[in-house]
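Everything below concerns the one structure shown next.
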Amino acid sequence: MFQIRDRIIESPVIVAPMAGITNDAFRQLCFRFGAGLVYTEMVSDKAIFYGNAKTMEMLKVADDIHPVSLQLFGSEATSMVYAAQVLDKQTGCDLIDINMGCPVNKVVKTGAGSAMMKDEENTVHIVKKIVEAVDKPVTVKMRLGWDRQNMNYLSLSRKLQDVGVSAIALHARTRSQMYEGHSDWSHIALLKKELSIPVIGNGDVKTLEDFLDMKKQTDCDGVMIGRGLVGNPFLIKEIDDHLNGKENSVSSVFDRFDYCLQHARMLIDLKGEKMAISEMRGLAPHYISGLYDSTTYKEKMSHMTSMEDLQRILSEYKAFLENGEH
């Protein structure tokens, strides 16, 4: 347990913001497994500024899911402050996070995401104005820097702490690395020693052992997990059980199937069956990755158009595995 200003985070397991994934349905699933904090998909300050209907819908936070951090991206003070005030006053989020980590071209070419790290003075100016304009705690998620020659995470983090940022999440890669290579956790340890506010480590945590290693090596307050939870949200439960001295309660291969169906049902409640199953075509295969002959069933999933299709495919696969046809 740790605190981000006055917000108590019961578990050190933090769910990273992931575009197209960390919607309300996935967030509910993660909280069921014991996540301490869940981030939303990042939202555009400009989209909020201009009242984009789809974006405004993304700002809805379920009453029974807390704490939640709404993540904002942008690069201009006026629209960023306005958008942050909307998150502060008109949503149920607990934290407002500023994205300085997204490496994709369509974001950085606007000066947002990782590009914010290139201009410390302007970035600190924007964040200071946001902190002064809102009541909720403001946090930042960043990378090590633009590239290996410009790793300025320490200097930028110190300045952000000085203007009132309540926590820093560090993805231990540079922007130029994108999602390739290995994250260097030694930088998370350095940041933890440098700051008095909470530090959340991020990068390459995909197993219980990874989680324990990052905590041990860095002494970070929270461990943020992203891609390691796609199709594997029960990793949160595995970690939670370990931390509480319990036996892992997600033991059966077929538990994966059940949670896949739960995920689909919650997505249907959120978005309707057509869109939900369209998204599950990309998500459901992750739930069966690594299982015997999963390629055959992943191929079937790529063509499904209804919840009935997903149920049938998983039922067929379960029978195949139970009957030992391999």
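Since we're looking at a predicted model, the values are computed, not measured.
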**Message:** Both conditions, 6.0 Å and 45 degrees, for the charged tip of Lys237 above the ring of Phe33: are they met here?
**Reply:** no
**Salt bridge Asp240-Lys246, side-chain N to carboxylate O under 4.0 Å** = no
**Prompt:** So with a 6.0 Å cut-off around NE2 of His182, is the heavy-atom count from everything else above 12?
**Reply:** no
**Message:** Going by side chain to side chain contact (heavy atoms under 4.5 Å, CB included), name the residues that satisfy it together with Glu57, two or more places apart in sequence or in a different chain.
**Reply:** Lys60
**Prompt:** Does any N or O in the side chain of Asn152 come within less than 3.5 Å of the main-chain N or O of Met117, such that one atom is a donor and the other an acceptor?
**Reply:** yes
**Request:** Applying side-chain contact (heavy atoms from CB on, under 4.5 Å), run through Lys215 and Val223 and close with a yes or a no.
**Result:** CA-CA 7 Å; Lys215 282 287 287 178; Val223 174; 3.7 Å; yes
**Spacing of OH belonging to Tyr259 relative to CG belonging to Leu261, to within rounding of 0.5 Å** = 12.0 Å
**Asked** Donor-acceptor pair, Thr40 side chain versus Gln71 backbone, under 3.5 Å?
**Response** yes
**Asked** Side chains of Thr139 and Asp97: is there a donor and an acceptor less than 3.5 Å apart?
**Response** yes
**Prompt:** Is it the case that Asp24 and Gln28 place a side-chain donor and acceptor less than 3.5 Å from each other?
**Reply:** yes
**Message:** Please tell me whether Thr123 and Lys159 have a donor and an acceptor in their side chains that are separated by less than 3.5 angstrom.
**Reply:** no
**Message:** If we count only N and O atoms by modelled type, under 3.5 Å, do the side chains of Arg143 and Gln177 hold a donor and an acceptor together?
**Reply:** no
Show me the donor-acceptor pairs within less than 3.5 Å that the side chains of residues 265-276 make with the rest of the protein, sequence neighbours left out.
unit_1, atom_1, unit_2, atom_2, d
Lys271, NZ, Glu279, OE1, 3.4
Lys271, NZ, Glu279, OE2, 2.6
Glu273, OE2, Met307, N, 2.7

**Prompt:** Taking the hydrophobic residues Ile, Leu, Val, Met, Phe, Trp and Tyr, and joining any pair whose side-chain heavy atoms are under 4.5 Å apart, which ones share a cluster with Ile8?
**Reply:** Met1
**Asked** Is it true that the side chains of Ser79 and Asp45 contain a donor and an acceptor less than 3.5 Å apart?
**Response** yes
**Prompt:** Could you state the interatomic distance from NZ (Lys192) to CD1 (Ile168), rounded to the nearest 0.5 Å?
**Reply:** 12.0 Å
**Request:** Determine whether the side chains of Lys118 and Asn150 contain a donor N or O and an acceptor N or O closer than 3.5 Å.
**Result:** no
**Prompt:** By side chain to side chain contact (heavy atoms under 4.5 Å, CB included), which residues pair with Ala16, not counting sequence neighbours?
**Reply:** Met224
**Asked** Are the side chain of Ser183 and the backbone of Gly203 linked by a donor-acceptor contact shorter than 3.5 Å?
**Response** yes
**Prompt:** Are Phe31 and Leu37 linked, directly or through other ILVMFWY residues, by side chains that come within less than 4.5 angstrom of each other?
**Reply:** no
**Request:** Cation-pi check, Arg256 to Tyr297: give yes when NZ or CZ is under 6.0 Å from the six-membered ring centre and within 45° of the ring axis, no otherwise.
**Result:** no
**Asked** Do we see a donor-acceptor contact under 3.5 Å between the side chains of Glu194 and Ser157?
**Response** no
Counting only pairs under 3.5 Å, give me each side-chain donor-acceptor contact of residues 106-115, with atom names and distances, residues two or more places apart or in other chains.
unit_1, atom_1, unit_2, atom_2, d
Thr110, OG1, Val107, O, 2.6
Ser114, OG, Gly101, O, 2.8
Ser114, OG, Cys102, O, 3.0

**Prompt:** Between Lys141 and His171, is there a donor-acceptor pair closer than 3.5 Å when you use the side chain of the first and the backbone of the second?
**Reply:** no
**Asked** Between the main-chain N or O of Thr207 and the side-chain N or O of Asp210, is there a donor-acceptor pair closer than 3.5 Å?
**Response** yes
**Asked** Got more than 12 heavy atoms from elsewhere within 6.0 Å of CD, Glu120?
**Response** yes
**Request:** Could you tell me whether Arg173 and Asp204 make a salt bridge, using a distance below 4.0 angstrom between a side-chain N and a carboxylate O?
**Result:** yes
**Message:** Over 60° means perpendicular and under 30° means parallel, so tell me whether His187 and Tyr153 are parallel, tilted or perpendicular.
**Reply:** perpendicular
**Item:** side chain to side chain contact (heavy atoms under 4.5 Å, CB included) against Ser44, all qualifying residues, sequence neighbours excluded
**Value:** Lys46, Ala47, Phe73
**Prompt:** Under the side-chain contact (heavy atoms from CB on, under 4.5 Å) criterion, do Arg312 and Glu316 qualify, and how do the steps go?
**Reply:** CA-CA 6 Å; Arg312 176 180 48 77; Glu316 288 175 5; 3.5 Å; yes
**Request:** Determine the minimum heavy-atom distance between Ile188 and Gly201, stating which atoms define it.
**Result:** CD1-CA, 3.7 Å
